[in-house]
Amino acid sequence: MPSLPATIPDEAALDDWMSRPSDALTSFVATLRGPLVVLGAGGKMGPSLCALARRAADAAGHDLEVVAVSRFSDPDVRRWLDARGVRTQACDLMTDDLGALPDAENVLYLVGLKFGTQQAPAQTWAVNTLVPARVTERYAGARVVALSSGNVYPFVPVASGGSLEDDPLTPLGEYPNACVARERLFQYGSQTHGTPGVLVRLNYATDLRYGVLVDLAQQIAAGRPIDVTMGYLNCIWQRDANDAVVRALEVAETPMRPLNLTGIERLSVRRLAEALAERMGRDLEVVGQEAPTALLSNVSRMVETLGAPETPLDTVLDWTAAWVAGGGPTLGKPTRFEVRDGHY
Ligand SMILES: NC(=O)c1ccc[n+]([C@@H]2O[C@H](COP(=O)([O-])OP(=O)(O)OC[C@H]3O[C@@H](n4cnc5c(N)ncnc54)[C@H](OP(=O)(O)O)[C@@H]3O)[C@@H](O)[C@H]2O)c1
């Protein structure tokens, strides 16, 4: 990995670092026959993921077409992708004719709905079930990496080592259960059509514009106390998550199996807050007491198959503290990692 900067000054620099492929990704992308179709590309991860795949293809000298499919509710996102050599195709995957999408051997599925689940549970279930059912029919012959969430697990004892892929999926709340349904529909499609794939159970990608570390840093900057009842978490720098999501195509299996994806450390919220407050030169007020359970994933299988994430946590803490203290732009989309009753 190239030496990392001490701080990331602006969004242009952030986009650049976010889309630098690993050597492993560059080698892998060279083996793909195009196009690489990314569904739900207009959200928090999709744009940087598409740009990363495009740059990996360029680095490999491989003419791979990357096609970003989304409704593009935010037209700026479409322009941003177009400017980076990613082909964009507007499509509402819930209602439009999916026959208009390009045939592809490799598909990444990023569609989801989390925020506002409590206000719109029917919409959450529809997005997380109807769209996968349609996509598994359309891309029955492709390799599919479908994003899921670590939220499909119940909370586990903090000292347990985290949930394993074969553990029972008994989470609390409508959003996590809709995520379980999303997985089951992909598995059903995989069993029915023999579609190879991977269900990536991601826990908290962190960017500088959103993520668990930004949530904490913003609370510290505002002088608000940090509640440590949800005392532990896992997170991963978004570039490392995106890099792994593309490479997960390489470990696709029939029928599809889940794979946890996050950082290798179990992180204490109290210690993270202390580290950020110190870097930001701010006082820290902590309230509550760590609960004996938390949402934690075990990443043994990820380390075995895809390797550990490259970017060190200390570096991400440096970047996040400087970004938030300096008033860098954020999306205004808190992760709500502290929620313990399933009401997102
Ligand atoms: N980010 C994380 O930390 C995290 C953690 C755990 C799991 N995940 C999972 O990873 C996936 C990607 O994460 P993300 O943060 O990028 O999610 P996101 O911000 O919700 O992006 C998903 C995008 O899918 C598009 N979409 C929704 N309905 C659609 C439809 N009917 N047709 C076409 N496109 C549609 C939307 O963009 P348009 O408005 O352009 O259509 C939306 O922004 C999600 O499935 C999520 O469950 C993410």
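By convention here, the first residue in the shown sequence is residue 1. Atoms within each ligand, like the ligands themselves, are counted from 1 in listed order.
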For this session: Please check if atom CG in Asp341 has more than 12 non-hydrogen atoms from other residues, nucleotides or ligands closer than 6.0 Å.
Result: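 Enclosed: over 12 neighbouring heavy atoms sit under 6.0 Å from CG of Asp341.
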[X] N/O under 3.5 Å from ligand 1 N/O:
X      : result
Val127 : no
Leu147 : no
Arg71  : yes
Leu113 : no
Ser70  : yes
Val111 : yes
Phe72  : yes

Relative to ligand 1, is [X] under 4.0 angstrom through side chain, backbone, both or neither, heavy atoms considered?
X      : result
Ser148 : backbone
Arg134 : neither
Ala41  : neither

Run the salt-bridge test on [X] and [Y] with the 4.0 Å N-O cut-off and return the result as yes or no.
X      : Y      : value
Asp82  : Arg79  : no
Arg20  : Asp243 : no
Arg270 : Asp227 : no

For this session: Look at the rings of Trp319 and Trp17 and say which category their plane angle falls in: under 30° parallel, 30 to 60° tilted, over 60° perpendicular.
Result: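 Ring orientation of Trp319 relative to Trp17: tilted.
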Exercise. Does anything in residues 24-40 pair up under side-chain hydrogen bond (donor to acceptor under 3.5 Å, both in side chains), and if so which pairs, sequence neighbours excluded?
Worked result: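 Sorted result for residues 24-40: Arg33-Glu105.
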For this session: Not counting sequence neighbours, list each pair that qualifies as a side-chain hydrogen bond (donor to acceptor under 3.5 Å, both in side chains) and has a residue in residues 159-170.
Result: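 Checked against side-chain hydrogen bond (donor to acceptor under 3.5 Å, both in side chains) - neighbours excluded - no pair reaches residues 159-170.
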For this session: Consider only side-chain N and O atoms of Glu310 and Ser22, and report whether a donor and an acceptor are under 3.5 Å apart.
Result: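 Absent: no donor and acceptor within the cut-off.
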For this session: Ignoring hydrogens and angles, state whether a donor on the side chain of Thr293 or Arg340 is under 3.5 Å from an acceptor on the partner side chain.
Result: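 There is such a pair (donor and acceptor under 3.5 Å, judged by atom type) between the side chains of Thr293 and Arg340.
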[X] neighbourhood, listing ligand 1 atoms whose heavy-atom distance to it stays under 4.0 Å:
X     : answer
Asp92 : 30 (C), 31 (N), 32 (N)
Cys91 : 32 (N), 33 (C)
Met94 : 31 (N)

Is it true that [X] lies under 4.0 Å from ligand 1, counting heavy atoms only?
X      : result
Tyr175 : yes
Ala241 : no
Tyr210 : yes
Lys333 : no

For this session: Kindly determine whether Glu290 and Arg266 satisfy salt bridge (charged side-chain N to carboxylate O under 4.0 Å, His left out), including the steps that lead there.
Result: CA-CA 14 Å; Glu290 285 84 350; Arg266 183 196 69 186; over 6 Å; no
Problem set entry | Distance flag, aromatic centroids of Phe186 and Tyr109, threshold under 6.0 Å |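 Centroid separation for Tyr109 and Phe186: below 6.0 Å.
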